[in-house]
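Take a look at the structure below.
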Amino acid sequence: MRRDSYKLQGLRKHLVDTLRQEGIRDEKVLAAIAKVPRHLFLEKAFEEWAYKNVAFPIGCDQTISQPLTVAIQSGLLEIKKGDKVLEVGTGSGYQACILSELGAKVYTIERQSTLYERTEKFLNDLGYRSIRTFLGDGYLGLPMFAPFDKILVTAGASALPETLISQLAVGGHLVIPIGDDQGQTMWRYTLTASGEIESNAHGKFKFVPFLKGIQ
Ligand code: SAH
């Protein structure tokens with residue numbers, strides 16, 4: 001396992017300052033970003049890129065989300081300690097670690113077996129025991145572990161997957177970007193105590209596509 005260093009810690013602190021300037025006010029989210037060594041999620045040759053506010057390729061045609069996007073999605077979830085959270089799109093595992101630092105019990109699902117295997121081992125080596133990884137199609141969610149207090153989709157969907165809404169606990173949020181390959185709107189759906197679904201839009205983003213089936 002590679003190390004953290006004063007230089008990288010300094011860059012990470014600078015990233016947190018950048019996110020504050022971009023309008024992130026959620027101190028718990030900022031503390032989680034200050035803690036997780038994002039450079040370990042990229043190949044060594046690119047580690048200094050880890051603390052720029054940009055998305056970055058992680059192989060298999062996928063990207064680690066931009067830190068600002070991670071901060072916004074994490075904040076929208078309003079995680080409380082002990083929340084059971086389903087993440088769809090494990091990718092590098094970075095977002096899962098942020099959720100874990102926020103106190104969530106994380107269930108994360110990835111459709112690409114190469115990424116799944118790599119990230120499962122990596123998260124284990126990092127010591128994140130509150131994250132459980134699954135290889136599967138996120139469109140189906142994880143019915144055997146439902147309901148979830150929060151559900152986060154980190155790939156761009158073309159429509160709201162009803163299966164995921166049906167796995168939400170009362171009072172829970174589903175945060176999901178919905179649109180097309182040109183860009184998506186970030187939606188937060190909330191299941192109210194009276195069984196209704198409330199929704200709010202939270203700006204424009206650009207994610208890799210939410211695809212069906214396992215690869
Ligand atoms: N949360 C990730 C970002 C990954 S990018 C991180 O922090 O690095 C989106 C991921 O969603 C990709 O790894 C992609 O393979 C995955 N994905 C796309 N469609 C999916 C599906 N139906 N089920 C599970 N994962 C999916």
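Each ligand, and each atom within it, is numbered from 1 in the order the structure gives. Everything numeric in this text was worked out from a predicted model, so none of it was measured.
Each of the atoms 15 (O) of ligand 1 lies under 4.0 Å from some heavy atom of Gln112. Distances below 4.0 Å separate heavy atoms of Ile109 from the following atoms of ligand 1: 24 (C), 25 (N). The ligand atoms of ligand 1 that sit less than 4.0 angstrom from a heavy atom of Leu115 are 13 (O). Counting the atoms of ligand 1 from 1 in the order shown, those under 4.0 Å from a heavy atom of Ser65 are 3 (C). Shown in contact with Thr90 at under 4.0 Å from a heavy atom are these atoms of ligand 1, numbered in order with element: 1 (N), 2 (C), 6 (C), 8 (O). Residue-ligand proximity, Val208 to ligand 1, at heavy-atom distances under 4.0 Å covers atoms 5 (S), 9 (C).
A donor-acceptor pair under 3.5 Å links the side-chain atoms of Glu110 to the main chain of Gly91, judged by distance alone.
The nearest heavy-atom contact from the protein to atom 9 (C) of ligand 1 is Thr154 O, 3.3 Å. Protein heavy atom in closest approach to atom 8 (O) of ligand 1: Ser92 OG, 2.7 Å. Gln95 N, 3.1 Å is the protein heavy atom nearest to atom 7 (O) of ligand 1. The protein atom (non-hydrogen) at minimum distance from atom 19 (N) of ligand 1 is Leu211 N, 3.0 Å. The protein atom (non-hydrogen) at minimum distance from atom 12 (C) of ligand 1 is Gln62 OE1, 3.2 Å.
In this structure, of Leu99, Thr63, Ile64, Ile98, the residue bringing a heavy atom nearest to atom 5 (S) of ligand 1 is Thr63. Comparing Gly136, Pro209, Gly89 by heavy-atom distance to atom 10 (C) of ligand 1, the nearest is Gly89. The residue from Gln66, Glu110, Arg111 that puts a heavy atom closest to atom 15 (O) of ligand 1 is Glu110.
Minimum interatomic distance between Pro177 and Met186 (heavy atoms only, all atoms of both residues): N-SD, 4.0 Å. Heavy-atom minimum distance, Leu77 versus Ile151: CD2-O, 3.7 Å.
Hydrophobic clustering, with ILVMFWY side chains joined whenever heavy atoms are under 4.5 angstrom apart, groups Ile24 together with Leu11.
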When you look at Phe41 and Phe56, which way does the ring pair (Phe, Tyr, Trp, His ring centres under 6.0 Å) test go after all the steps? CA-CA 10 Å; Phe41 297 73; Phe56 206 83; over 10 Å; no
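Two residues are said to be in side-chain contact when any heavy atoms from C-beta on lie closer than 4.5 Å; Ile176 and Pro161 meet this criterion.
Not one N or O of Ile58 is nearer than 3.5 Å to an N or O of ligand 1, by distance alone. Taking distance alone, with nitrogen or oxygen atoms compared against 3.5 Å, Gly138 approaches ligand 1 more closely than that limit.
None of His14, His39, Lys7, Lys13 except one satisfies the side-chain hydrogen bond (donor to acceptor under 3.5 Å, both in side chains) rule with Tyr51; the exception is His39.
Taking 4.0 Å as the cut-off between side-chain N and carboxylate O, Glu87 and Arg132 do not count as a salt-bridged pair. Salt bridge absent: Asp149 and Lys80 never bring a charged side-chain N and a carboxylate O closer than 4.0 Å.
By the 30° and 60° cut-offs, the orientation of the rings of Tyr107 relative to Phe145 is tilted.
No part of Lys212 comes within 4.0 Å of ligand 1, judged by heavy-atom distances.
Heavy atoms of Glu87 come nearer than 4.0 angstrom to ligand 1 in at least one pair.
Sorted by first then second residue, the ring-ring contact (aromatic ring centres under 6.0 Å, His included) pairs that include residues 152-180, not counting sequence neighbours, number zero.
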